[in-house]
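These notes are about the structure you will find just below.
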Amino acid sequence: DGGITQSPKYLFRKEGQNVTLSCEQNLNHDAMYWYRQDPGQGLRLIYYSQIVNDFQKGDIAEGYSVSREKKESFPLTVTSAQKNPTAFYLCASSVPVTGFTGELFFGEGSRLTVL
Amino acid sequence: GQQVMQIPQYQHVQEGEDFTTYCNSSTTLSNIQWYKQRPGGHPVFLIQLVKSGEVKKQKRLTFQFGEAKKNSSLHITATQTTDVGTYFCAAPTRGNEKLTFGTGTRLTIIP
């Protein structure tokens, strides 16, 4: 089945540690996105990538880094510089259509807790 | 940057009652999307509206895009327990490279 796979589903980390969240898609989508969701809040964009080897900062990129070496993969690293990393992280992909962003397909999310 | 305001933040309704959530933007939108997120789940795409004054229906759900393309609404008729979740609107920014999400309306149903 085609879809987006995020791992791990749950992750605990100590303060000061970097952690990398995996996002893989087999939908052959060009665009991929990372969103952060805090309890009772909407989704805020961290980074996005329209094409391999290229990515742009979203609204809350500080303390995060990404890479896009393959079309299928868009890993997110939460660095120790991120002051409030505990959150639910969602990866998404889309096929941009001329003139439109395209429907986003989301993974099941990764819940990060910093102890 | 562009903000998409969504109200109300929470809505509790008796099963069978109607529900409406509203999305407002200070700027004209090229299009707007709606998503549903079940408790503990991930957002799932519901619909995209493009035309001024557009109205689309999906069974008990009615989606509207304002004439000025600055606001949108989602109306659910005769809510059921399966409607529980958070409903988000989302609008494109920076051309159409990315989506900005509203803060969401969390719907709970009282059986």
Side-chain angles (χ1 to χ4, degrees), chain A residues 3-7 9-10 21 23 25 27 29-51 54-61 66 68 74 87-111, chain B residues 1-11 21-25 28-51 54 56 58 63 65 69 85-108:
Chain A
I4 300 180
T5 302
Q6 287 187 242
S7 63
K9 198 167 185 177
Y10 298 94
L21 307 180
C23 179
Q25 55 102 356
L27 298 169
H29 287 175
D30 288 315
M32 296 188 75
Y33 311 82
W34 274 105
Y35 285 89
R36 168 182 172 142
Q37 186 174 33
D38 294 284
Q41 295 192 30
L43 284 68
R44 293 183 291 167
L45 184 63
I46 305 172
Y47 268 98
Y48 64 104
S49 168
Q50 297 279 301
I51 197 168
D54 189 39
F55 49 82
Q56 282 76 40
K57 292 182 179 180
D59 302 315
I60 55 165
V66 292
R68 187 85 187 276
F74 192 40
F88 187 47
Y89 291 89
L90 287 157
C91 179
S93 70
S94 74
V95 179
V97 177
T98 302
F100 303 102
T101 311
E103 165 190 349
L104 294 191
F105 292 80
F106 284 88
E108 295 191 351
S110 293
R111 195 169 297 277
Chain B
Q2 173 179 295
Q3 286 191 327
V4 179
M5 308 302 296
Q6 195 171 349
I7 56 170
Q9 190 173 3
Y10 301 96
Q11 187 81 58
T21 174
Y22 301 90
C23 201
N24 297 292
S25 169
T28 301
L29 304 172
S30 61
N31 63 86
I32 195 162
Q33 298 181 9
W34 285 93
Y35 291 78
K36 176 184 179 180
Q37 183 177 23
R38 292 182 185 275
H42 58 278
V44 174
F45 175 82
L46 294 176
I47 208 160
Q48 177 170 270
L49 304 173
V50 177
K51 298 177 183 177
E54 188 170 15
K56 286 189 176 179
Q58 290 178 351
F63 303 85
F65 202 10
K69 300 182 77 172
T86 301
Y87 293 85
F88 294 98
C89 60
T93 54
R94 192 170 172 173
N96 284 302
E97 284 190 355
K98 56 178 184 171
L99 281 180
T100 295
F101 279 76
T103 48
T105 296
R106 185 174 177 180
L107 172 63
T108 56

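Residue numbers start from 1 in every chain, and the chains themselves are labelled A, B, ... in the order their sequence lines are given, proteins ahead of strands.
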task = Compare every heavy atom of B:F45 with every heavy atom of A:L104, then report the nearest pair and how far apart it is.
result =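 Looking at all heavy atoms of both residues, the shortest contact is O-CB, 4.2 Å.
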
Euclidean distance, [Y] [atom2] relative to [X] [atom1], rounded to 0.5 Å:
| X | Y | atom1 | atom2 | answer |
| --- | --- | --- | --- | --- |
| A:Q37 | B:F88 | CD | CZ | 5.0 Å |
| B:Y35 | A:F106 | OH | CZ | 6.0 Å |
| A:K57 | B:K98 | NZ | NZ | 12.0 Å |
| B:L46 | A:E103 | CG | CD | 9.5 Å |

Proximity breakdown for A:F105 and chain B, heavy-atom pairs closer than 4.5 Å = neither

query = Using non-hydrogen atoms only, which part of A:L45 is less than 4.5 Å away from chain B: side chain, backbone, both, or neither?
reply =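 For A:L45, side-chain heavy atoms alone lie under 4.5 Å from chain B.
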
Answer yes or no: are there more than 12 heavy-atom neighbours, outside [X] itself, under 6.0 Å from its atom [atom1]?
| X | atom1 | value |
| --- | --- | --- |
| B:E54 | CD | yes |
| B:Y22 | OH | no |
| A:R44 | CZ | yes |

Chain A contact via B:Q9 - which portion, at a heavy-atom distance below 4.5 Å =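 For B:Q9, the contact with chain A is made by the side chain alone.
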
Taking C-beta and beyond as the side chain, do [X] and [Y] meet within less than 4.5 Å on heavy atoms?
| X | Y | value |
| --- | --- | --- |
| A:L90 | B:P43 | yes |
| A:Y48 | B:L99 | no |
| A:Q6 | B:H42 | no |

